[in-house]
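Please read the structure below before turning to the comments.
All values derive from a computational prediction rather than experimental measurement.
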Amino acid sequence: MVSKKRSPALHWLAVVAVIFVMLSAFLIHRRRSHITEAFHLPYFPVNLEEVADGTYSGKTYTSFLHLQLDVTVENHRITGINVIENAGVDGETARPIIQRMIEENKVVVPAIKGAELGSMVYISCVSTALTAQKDGEPRD
């Protein structure tokens, strides 16, 4: 009977390949769950002509990004968005969307390339803040 000895290098290569496949599957699954979560965030239509002057607070927490901010409105224009909490994936990368919202005076603006999920969280948070004001008064 002839026994074949396997090389230790081949054994370790197989172990590394299995770990790589498992890690890849985990990362793909996690990314898909983040995308699903972002698409299920609340997005409210906001007519800035109906928003009174004041500062409105919004908070959106996902499994990948925690965002809390204050939105200031004057004369039916977004004049400032102050970020209070910004922790997680795409939070800082998506931050330029704030300037777009202020410049265009819109809540829904194009997402920041490469930070689409974070951009969706910002849009949801601002729309939530400005919609919640209909039920209560602004925080001045």
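Within the 4.5 Å cutoff, side-chain heavy atoms of Leu48 are placed close to those of Val46. Side-chain contact between Leu23 and Leu27 is present, with heavy atoms from C-beta onward closer than 4.5 Å. The shortest distance between side-chain heavy atoms of Ile81 and Val126 falls below 4.5 Å.
Atom-to-atom distance recorded for Leu65:CG and Thr60:OG1 is 8.5 Å, nearest 0.5 angstrom. Annotation: the span from Ile35 atom CD1 to His40 atom NE2 amounts to 12.5 Å, rounded to 0.5 Å. If you take OG on Ser127 and OH on Tyr122, they are separated by 14.5 Å, rounding to the nearest 0.5 Å. The CD1 atom of Ile112 sits 13.0 Å away from atom CG of Leu117, with the distance rounded to the nearest 0.5 Å. Atom-to-atom distance recorded for Thr62:OG1 and Leu67:CG is 9.0 Å, nearest 0.5 angstrom. How far CD1 of Ile28 is from OG of Ser33: 12.0 Å, rounded to the nearest 0.5 Å.
Ser57 and Asp70 form a side-chain donor-acceptor contact under 3.5 Å, judged by distance and modelled atom types alone.
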Going through the checks in order, is the side-chain contact (heavy atoms from CB on, under 4.5 Å) test met by Val51 and Asn47? CA-CA 7 Å; Val51 178; Asn47 180 355; over 6 Å; no

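At a threshold of 4.5 Å between side-chain heavy atoms, the hydrophobic network of Ile, Leu, Val, Met, Phe, Trp and Tyr places Val21 and Leu13 in two separate groups. Hydrophobic clustering, with ILVMFWY side chains joined whenever heavy atoms are under 4.5 angstrom apart, keeps Met22 apart from Phe20.
By the side chain to side chain donor-acceptor pair (under 3.5 Å) test, Ser63 is found to be paired with Glu37, residues two or more places apart in sequence or in another chain being considered. Evaluation of the side chain to side chain donor-acceptor pair (under 3.5 Å) rule for Glu74 yields no partner, not counting sequence neighbours. With sequence neighbours excluded, the residues satisfying side-chain contact (heavy atoms from CB on, under 4.5 Å) with Pro42 are Phe44, Ser124, Thr128.
Here the closest heavy-atom approach between residue Asp53 and residue His76 is recorded as OD1-N, 4.0 Å. Nearest heavy atoms, Ala38 versus Tyr43: O-OH, 2.8 Å. Across all their heavy atoms, Leu130 and Val73 have their closest contact at CD2-CG2, 3.8 Å. Across all their heavy atoms, Tyr56 and Ala129 have their closest contact at CB-O, 3.7 Å.
Counting only residues at least two apart or in different chains, salt bridge (charged side-chain N to carboxylate O under 4.0 Å, His left out) contacts with residues 98-120 are absent. Residues in residues 17-36 take part in no salt bridge (charged side-chain N to carboxylate O under 4.0 Å, His left out) pair, two or more places apart or across chains.
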What side-chain donor-acceptor pairs closer than 3.5 Å can you find for residues 89-97, not counting sequence neighbours?
{"residue": "Glu92", "atom": "OE2", "partner": "Asn86", "partner atom": "ND2", "Å": "3.0"}
{"residue": "Glu92", "atom": "OE2", "partner": "Arg95", "partner atom": "NH1", "Å": "3.1"}

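When atom types are taken as modelled, the side chain of Asn75 and the backbone of Arg77 share no donor-acceptor pair closer than 3.5 angstrom.
Ring geometry for Tyr61 versus His66: interplanar angle under 30°, hence parallel rather than tilted (30 to 60°).
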